[in-house]
Amino acid sequence: MKGQFGKRSLFVGKWSFFLPLPTMSTRKLYIETYGCQMNVVDSEVVAAILLQHNYQVTEELDEADLVLVNTCSIRDNAEQRVRTRIREFGRLKESSHSFAVGVIGCMAERMKEKLLEEETTVDLVVGPDAYRDLPALLQEVESGQKGINTLLSLEETYGDIRPVRMDSNHVSSFVAIMRGCNNFCAYCVVPGTRGRERSRDPETIVRESTELFEKGYREVTLLGQNVNSYRWKEEGQDLKFEELLERVALIDPQLRVRFATSHPKDMSDELLKVIARHPNLCKAIHLPVQSGSTTVLDRMKRKYSREHYMERIEAIRSYLPDASISTDIIAGYCGESEEEHLQTLSLMEEVGYDFAYMFKYSERPDTFAAEKLEDDVPEDVKSRRLSEIIELQGKLSLQSKKNDLGKTYEVLVEGSSKKSSEHLYGRTSQNKVVVFPKGKLKAGDYTRVSITDCTSATLIGNVVN
Ligand code: 5AD
Ligand code: SF4
């Protein structure tokens, strides 16, 4: 559900992007993306499909003929944000110029016709597997009807489509390697909104990554809801994720490769050995734990225990001693006792996470938890537990940065530091952000930086020749 987190925030808020390809008859598409990195790629796929049908992408809302909102359903607040935005579009439609409004992505899939009924501004509702149908649906909208397609597919991977890149730095990009999810964690809406798991043809993955490298990109993040279960039948044999990863690593030693997300039940030693073998496979493992309590994990249907998770952490530490480890944590899940919450805090300390995404449990319709378990942790208790988790992670993140003081890292330069035009920022293989004096370096260069100072979020250093 998320990418090499910390790279860009997991929930990226909104992105809009611009492609200057005007022709006389073109219509203008303005697209906003909420949710995970998979949605970022999906917006790039949607842009590619519509570019073939006389659309040009604009970042100016007031010249748009079509506004698409690519949505997330993972927590209720993600949906509420989108609803507020849709109503803003509605007011704009009345006060300024006419345009069509389409809702795409997970919320479209979850709510279907209900979205058209409840949000009258919306003209078009399209689920994550139906984007090829967008041009036909837009014709229906043009003729004054509402358009909807929320069919899920067992095969669609958009493998043949070259996404229109919308990243800002032209250094790092996402490449989707699979879609959907078969895990059915009890709290999670994703198997319902993105359908069954299916893997993308490895040839198209390697081709897309090679093309990105040739265009000057220096980092790709391979994306899937559970990348460890990537499978492709090739000459009668199963191609597994670690083999795919190795193929992408072999494109060029100058191309850094990351991946997200792994499931603790499927994180194999074979994968860790491949990562250890290739210096350009980044030493950063995102392994969502969700809870430190085996009984909670059981109620979450995560299919592993605290002990199994810790055994996988030990495996990471032994094969990849210099790897960073990050995670996702949910506070206040159904029935969570104080004791179970304390186990999450103790696991966090035991692992010593470098980084974490932390959330309050949000009940989602049609999930196992919504139907069978009670969302019984009071709101104030959930908030307090989340604060304790965030506070502890603050300390762990600072410790993780302090451990790097005096060390030297290879850094891939991503761009200018926000705070100073005299400084650049980049990332270590461990996915930690480093700020350093600019010199003659530019985005896409590799440089060695010795770490002299830090905050809990950033390393500060000097370039070493
Ligand atoms: N409530 C809170 N957090 C959730 N996540 C997934 N579903 C929910 C939910 N219903 C979190 C998990 C997951 C991350 C992407 O979002 O931690 O790993
Ligand atoms: Fe991504 Fe959809 Fe999950 Fe949100 S609900 S994190 S958009 S897969």
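Counting convention: from 1, in listed order, for ligands and their atoms alike. Numbers here are sequence positions counted from 1.
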Among Ile330, Asp328, Thr261, closest by heavy atom to atom 18 (O) of ligand 1 is Asp328
So for Asn39 against ligand 2, with non-hydrogen atoms under 4.0 Å, the contacting part is side chain
In ligand 1, the atoms that come under 4.0 Å of a heavy atom of Lys360 are 1 (N), 2 (C)
Against the six-membered ring of Phe213, is Arg218 placed for a cation-pi contact (under 6.0 Å from the centre, within 45° of the normal)? yes
| Quick one: are Ser173 and Arg165 in side-chain contact, heavy atoms under 4.5 Å? | yes
Quick note on ligand 1: atoms under 4.0 Å from a heavy atom of Tyr361 include exactly 1 (N), 2 (C), 10 (N)
Side chain to side chain contact (heavy atoms under 4.5 Å, CB included) filter on Glu340, not counting sequence neighbours, yields Ser293, Thr295, Val296, Arg299, Glu336, Ser337
Would you say that Ile330 contacts Ser291 through its side chain, given a criterion of any heavy-atom pair below 4.5 Å between the two side chains? no
Result for salt bridge (charged side-chain N to carboxylate O under 4.0 Å, His left out) between Glu208 and one of Lys215, Arg200, Arg162 points to Arg200
ask   = Any non-hydrogen atom of Ser73 lying under 4.0 Å from ligand 2?
value = yes
Within 4.0 Å of some non-hydrogen atom of Arg364, the atoms of ligand 1 are 10 (N)
The option among Pro128, Cys106, Gly180 carrying the non-hydrogen atom nearest to atom 2 (Fe) of ligand 2 is Cys106
In terms of heavy-atom contacts, Glu44 and Pro163 come closest through CB-CB, 3.5 Å
**Study point:** Phe368 ring center near Tyr187 ring center (under 6.0 Å)
**Key:** no
Near Arg75 (heavy-atom distance under 4.0 Å), the atoms of ligand 1 are 1 (N), 2 (C), 3 (N), 4 (C), 5 (N), 11 (C), 16 (O)
Here the atoms of ligand 2 under 4.0 Å from any heavy atom belonging to Arg194 are 2 (Fe), 8 (S)
query = With a 3.5 Å cut-off and no angle check, do the side chains of Thr221 and Gln37 form a donor-acceptor pair?
reply = no
Item to complete: Would you check whether Gln37 reaches within less than 4.0 Å of ligand 2, judged by its heavy atoms?
Response: no
N/O donor-acceptor pair under 3.5 Å between Lys283 side chain and Ile275 backbone: yes
Any heavy atom of Phe359 under 4.0 Å from ligand 1? The part involved is side chain
Counting heavy atoms under 4.0 Å, the part of Cys72 that contacts ligand 2 is both
- Quick check, are the ring centers of Tyr304 and His263 under 6.0 angstrom apart? yes
Checking heavy atoms under 4.0 Å, the part of Ile74 that sits near ligand 1 is both
Quick look: Met38 vs ligand 2, heavy-atom contacts under 4.0 Å, and the answer is neither
Quick one: are Glu219 and Leu255 in side-chain contact, heavy atoms under 4.5 Å?
-> no
Out of Cys185, Ser362, Ser291, Ala369, the nearest non-hydrogen contact to atom 10 (N) of ligand 1 is supplied by Ser362
Numbered in order shown, the ligand 2 atoms found under 4.0 Å of a heavy atom of Gln225 are 8 (S)
Would Glu363 count as a contact residue for ligand 1, given that I'm defining contact as a non-hydrogen atom of the residue lying under 4.0 Å from a ligand atom?
no
The atoms of ligand 1 lying under 4.0 Å from a heavy atom of Gln290, numbered in the order shown, are 12 (C), 13 (C), 17 (O), 18 (O)
Only distances under 3.5 Å count here; give the side-chain donor-acceptor pairs of residues 108-116 to other protein atoms, sequence neighbours excluded, each with its distance to 0.1 Å.
{"unit_1": "Arg110", "atom_1": "NE", "unit_2": "Glu79", "atom_2": "OE2", "d": "2.7"}
{"unit_1": "Arg110", "atom_1": "NH2", "unit_2": "Glu79", "atom_2": "OE1", "d": "2.9"}
{"unit_1": "Lys112", "atom_1": "NZ", "unit_2": "Glu109", "atom_2": "O", "d": "2.7"}

The atoms of ligand 2 lying under 4.0 Å from a heavy atom of Val190, numbered in the order shown, are 3 (Fe), 5 (S), 8 (S)
